[in-house]
Amino acid sequence: MIKPIKGFSKLSKSEKIEWITATYFNDAKTAKQAIQQYWNTDRKLQQLHDEFIENTITNYYLPFGVAPNFLINGKLYTIPMAIEESSVVAAASKAAKFWLDRGGFKTKVISTTKIGQVHFMYHGSFSKLQAFFKTVKPKLIEDTKHITKSMEKRGGGILDIELRNKTEDLKDYYQLHATFETLDAMGANFINSCLEQFAKTFKMEALHFEEFSEAESHIQIVMSILSNYVPNCLVRAEVSCPVEDLNENKTLSSEEFAHKFVQAVKIAEIEPYRAVTHNKGIMNGIDAVVLATGNDFRAIEAGAHAYASRNGRYSSLSHAEIKDGIFTFWLEIPLALGTVGGLTNLHPLVKVALEMLHQPDAKELMQIVAAAGLAQNFAALRSLTTTGIQEGHMKMHLMNMLNQLHATKDEKKKMVAYFKHNTVTHNAVEKALISIRMLADE
Ligand code: MEV
């Protein structure tokens with residue numbers, strides 16, 4: 001039986017590995033090697049990565065790929081993508097190339113407001129609470145001046161604070177619902193610091209508000225935290241062209257393809273089972289760029305899916321139509337991104353990614369990320385409505401299978417050539433590799 005360990009975080013990195021490998025592995029030596037082979041020989045770089053989180057024992061690599069030829073609002077980008085799923089970068093590149101010849105992506109930022117809330121319990125009259133809020137609101141803002149000063153200098157800061165009565169949903173529950181403009185910072189630290197200060201001031205001032213009874217003056221702060229639901233930090237990306245220009249596929253006419261494509265999107269609009277997978281395809285592109293640029297993909301995921309459910313039923317984030325012979329395909333998604341602070345000034349590859357993107361500000365990055373999401377969605381729907389997804393997927397997955405089967409460089413070359421004209425399945429790859437090896441032995 002494995003016993004809990006005390007003081008694990010205080011152990012050195014080697015001691016941690018020692019304990020883990022001895023406790024959980026039959027072959028501790030091999031496990032240790034697997035962990036240590038990813039240590040960086042550059043000690044400073046390794047230390048930087050060690051200190052991003054706690055209890056670091058090694059580094060976990062993801063491929064960092066690039067998708068060139070993204071024409072966005074007339075400017076050409078090569079988009080960095082960090083992702084493990086084969087075919088995502090290839091699909092993005094293919095879609096970018098397709099739209100490069102058809103006017104590229106048109107994007108715009110619709111809004112940039114972020115939200116944070118102080119959640120509290122109050123037992124008493126709502127009108128007295130409203131009166132208190134009115135008197136304390138200027139002080140709430142005043143007391144955060146030490147936090148907001150430099151953000152305000154740059155044109156951002158606290159936009160507003162509202163008192164919200166949530167007692168219909170939960171007894172005695174109220175909120176300070178605050179809106180923020182955090183410019184090029186994702187803003188989590190800024191917003192959370194402001195909220196915690198609001199909470200402190202609010203609680204303290206309530207103790208001295210004359211109209212409150214003794215019970216009313218004791219406001220109970222439950223928590224203060226930003227919201228990752230940012231429906232007012234929204235970006236739109238769009239592609240469009242005459243229907244007849246869509247033709248690239250030999251099996252379908254342009255008209256047939258356009259109609260089938262629009263049907264596929266409409267299905268995702270009304271059918272949640274399909275919408276989840278449809279949006280997952282969008283997030284393949286979004287997350288990969290979000291990760292490469294050092295942003296928080298969990299926050300983006302949470303916000304995007306909440307937005308997809310905003311009308312009470314989970315639905316597609318993208319839409320398509322054919323009007324007057326023009327095919328238009330667009331995406332609207334909330335993206336709270338930063339290009340300063342966080343990992344952006346720390347991780348060497350994030351710096352590379354941002355420089356490759358011409359050092360965008362947060363608004364430009366929102367548009368680039370949205371274009372990557374739309375491209376990914378276009379590529380997936382194009383395959384799904386024509387050849388099916390497996391053909392391309394399995395071709396891209398071929399290399400993973402060959403690596404699993406320990407194929408040599410030469411064998412890989414032969415196999416790639418062979419599977420250009422043959423269907424890739426696990427079975428077929430195994431068989432073809434065996435016969436190549438047998439031929440080589442003869
Ligand atoms: C796979 O990672 C993503 C797709 O399933 C997206 C879709 O079905 O639209 C291909």
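Numbering of ligands and ligand atoms starts at 1, following listing order. Just the heavy atoms: all of them, side chains too, but no hydrogens, waters or symmetry mates, feed the values below. None of these values were measured; they are calculated from a predicted model.
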#### Entry: Pair T112, E181: side-chain N/O donor-acceptor within cut-off below 3.5 Å
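Yes, side-chain donor-acceptor contact under 3.5 Å.
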### Task
State yes or no: are the ring centers of Y174 and H119 separated by less than 6.0 Å?
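Ring centres of H119 and Y174 not closer than 6.0 Å.
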### Query
Side chain or backbone of V88 under 4.0 Å from ligand 1, or both, or neither, by non-hydrogen atoms?
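The answer is neither; V88 stays 4.0 Å or more away.
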### Query
Counting heavy atoms only, which part of N284 comes closer than 4.0 Å to ligand 1: side chain, backbone, both or neither?
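Side chain only; the backbone of N284 stays clear of ligand 1.
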### Query
Taking NZ, NE, NH1 and NH2 as the nitrogens, is one of them in K32 or E18 under 4.0 Å from a carboxylate oxygen of the other?
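Yes.
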### Message
Give me each pair satisfying side-chain hydrogen bond (donor to acceptor under 3.5 Å, both in side chains) with a member in residues 337-355, each pair once, sequence neighbours excluded.
### Response
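Every side-chain hydrogen bond (donor to acceptor under 3.5 Å, both in side chains) pair that includes a residue of residues 337-355, provided the two are not neighbours, is H49-H347.
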### Task
Quick one: which residue pairs count as a ring-ring contact (aromatic ring centres under 6.0 Å, His included) with a foot in residues 410-442, not counting sequence neighbours?
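Sorted result for residues 410-442: empty, none.
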Can you list the ligand 1 atoms lying under 4.0 Å from a non-hydrogen atom of [X]?
X: E85; result: 1 (C), 2 (O)
X: T277; result: 5 (O), 6 (C), 7 (C), 8 (O), 9 (O)
X: L384; result: 7 (C), 8 (O), 9 (O)

### Message
Counting only heavy atoms, tell me which of R382, K280, M283, R274 gets closest to atom 7 (C) of ligand 1.
### Response
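It is R274 whose heavy atom sits nearest to atom 7 (C) of ligand 1.
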